[in-house]
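Worksheet for the structure shown next.
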Amino acid sequence: MTRYWLDASVFIEAQNVNYPMDTVPSYWKWIAGKVADGTIVCPKLVYREIVDGLEKQDSLAKWFQTRRQNGLCIAPDKAVTDQVGIISKYVFKQFKQHQATNFLRGADSWIIAHAQADKGVVVTQESSLRPNSHKPRIPDVCRNFNVSCMNGMEMMKKLKAKI
């Protein structure tokens with residue numbers, strides 16, 4: 001089974017733009033089902049970005065908190081940690097130090113490393129930039145490491161979501 005490693009941007013954009021929990025609960029029920037069956041996961045750092053980055057009473061933070069122990073958030077193993085080191089070296093080599101540091105500060109490199117070690121797919125709402133961009137972006141780093149990457153809508157189509 002292919003696992004889909006979701007970036008915080010997928011959850012945040014869904015809640016704030018396309019599928020607010022109080023308006024489109026069917027989307028969140030579908031996501032919860034995919035979490036329960038192990039198809040949708042994220043690194044523990046994404047959990048921290050969502051829960052620590054938002055009000056503790058925010059509905060998205062609460063949604064995450066109730067699923068933290070139920071298979072949504074995955075701890076890294078040695079293969080993932082080693083891959084983060086490789087990604088970090090690449091990012092520092094290719095981009096200016098402050099841009100590399102910003103990229104590596106969050107969960108982005110961990111999402112890519114988890115997906116690569118798992119032979120999974122990265123899902124993000126970040127767009128790819130020009131090849132000569134000075135800012136690392138998830139899709140561009142994925143491409144460099146031959147990791148599959150798509151946006152949330154592409155994932156929904158691939159998984160034949162009916163919401």
Side-chain angles (χ1 to χ4, degrees), residues 1-19 31 34-35 38-56 58 60-61 63-65 67-159:
M1 169 184 68
T2 299
R3 293 200 292 186
Y4 292 78
W5 292 87
L6 274 60
D7 178 29
S9 66
V10 177
F11 297 104
I12 293 167
E13 187 171 305
Q15 171 60 9
N16 293 343
V17 180
N18 299 316
Y19 309 107
I31 289 283
K34 292 300 177 188
V35 167
T39 303
I40 288 178
V41 291
C42 63
K44 287 194 174 200
L45 278 176
V46 168
Y47 173 86
R48 278 197 247 154
E49 285 182 359
I50 297 287
V51 173
D52 294 346
L54 301 171
E55 276 295 315
K56 295 288 188 205
D58 177 273
L60 182 57
W63 189 90
F64 255 77
Q65 290 165 341
R67 285 161 182 81
R68 181 179 185 190
Q69 303 301 324
N70 296 335
L72 176 60
C73 303
I74 308 294
D77 60 16
K78 183 174 179 348
V80 171
T81 303
D82 290 347
Q83 189 59 35
V84 166
I86 293 166
I87 291 168
S88 297
K89 286 178 186 172
Y90 164 77
V91 170
F92 272 113
K93 183 178 176 185
Q94 293 297 114
F95 301 95
K96 293 180 181 178
Q97 184 174 354
H98 71 280
Q99 296 290 359
T101 300
N102 285 340
F103 180 83
L104 297 169
R105 183 175 289 132
D108 295 354
S109 60
W110 293 92
I111 296 164
I112 298 165
H114 272 283
Q116 186 171 37
D118 190 46
K119 296 181 179 28
V121 177
V122 171
V123 183
T124 183
Q125 295 305 101
E126 283 188 13
S127 62
S128 184
L129 295 176
R130 300 176 313 279
N132 61 350
S133 174
H134 298 290
K135 182 178 178 183
R137 304 280 286 188
I138 292 172
D140 301 323
V141 177
C142 283
R143 188 177 313 105
N144 184 76
F145 287 96
N146 296 315
V147 174
S148 295
C149 184
M150 63 181 58
N151 65 37
M153 185 57 70
E154 291 168 324
M155 175 192 69
M156 290 175 66
K157 289 176 183 177
K158 187 87 170 165
L159 294 176

Within the structure provided, determine whether [X] and [Y] are in side-chain contact (heavy-atom separation under 4.5 Å).
| X | Y | result |
| --- | --- | --- |
| W5 | V46 | no |
| K34 | I31 | no |
| R143 | C149 | no |
| S88 | V91 | no |
| E126 | D108 | yes |
| L104 | W110 | no |
| I111 | C42 | no |
| I87 | F145 | yes |

Identified side chain to side chain contact (heavy atoms under 4.5 Å, CB included) counterpart of Q125 within the set I12, L6, V10, D7: V10
Minimal non-hydrogen separation, [X] against [Y], with atom names:
| X | Y | value |
| --- | --- | --- |
| Q65 | V51 | NE2-CG1, 3.4 Å |
| A117 | A79 | CB-CB, 4.4 Å |
| G120 | T2 | CA-CG2, 4.3 Å |
| T124 | S9 | OG1-OG, 3.3 Å |
| V122 | C142 | CG2-SG, 3.7 Å |
| I112 | I138 | CD1-O, 4.0 Å |

Roughly how far apart are [X] [atom1] and [Y] [atom2], rounded to 0.5 Å?
| X | Y | atom1 | atom2 | value |
| --- | --- | --- | --- | --- |
| N18 | E13 | CG | CD | 5.5 Å |
| F64 | L72 | CZ | CG | 5.0 Å |
| K135 | F103 | NZ | CZ | 10.5 Å |
| S148 | K119 | OG | NZ | 11.5 Å |
| L159 | M155 | CG | CE | 6.0 Å |

R137 (side chain) donor-acceptor with S127 (main chain) under 3.5 angstrom: yes
Polar side-chain atom of D77 near backbone of V80 as donor-acceptor pair, under 3.5 Å: yes
Parallel, tilted or perpendicular: ring planes of Y90 versus F95, cut at 30 and 60 degrees: perpendicular
K78 and T81: CA distance, side-chain angles, deciding distance, side-chain contact (heavy atoms from CB on, under 4.5 Å) verdict: CA-CA 5 Å; K78 183 174 179 348; T81 303; 5.6 Å; no
Steps toward side-chain contact (heavy atoms from CB on, under 4.5 Å) verdict (I74, R3): CA-CA 12 Å; I74 308 294; R3 293 200 292 186; 4.1 Å; yes
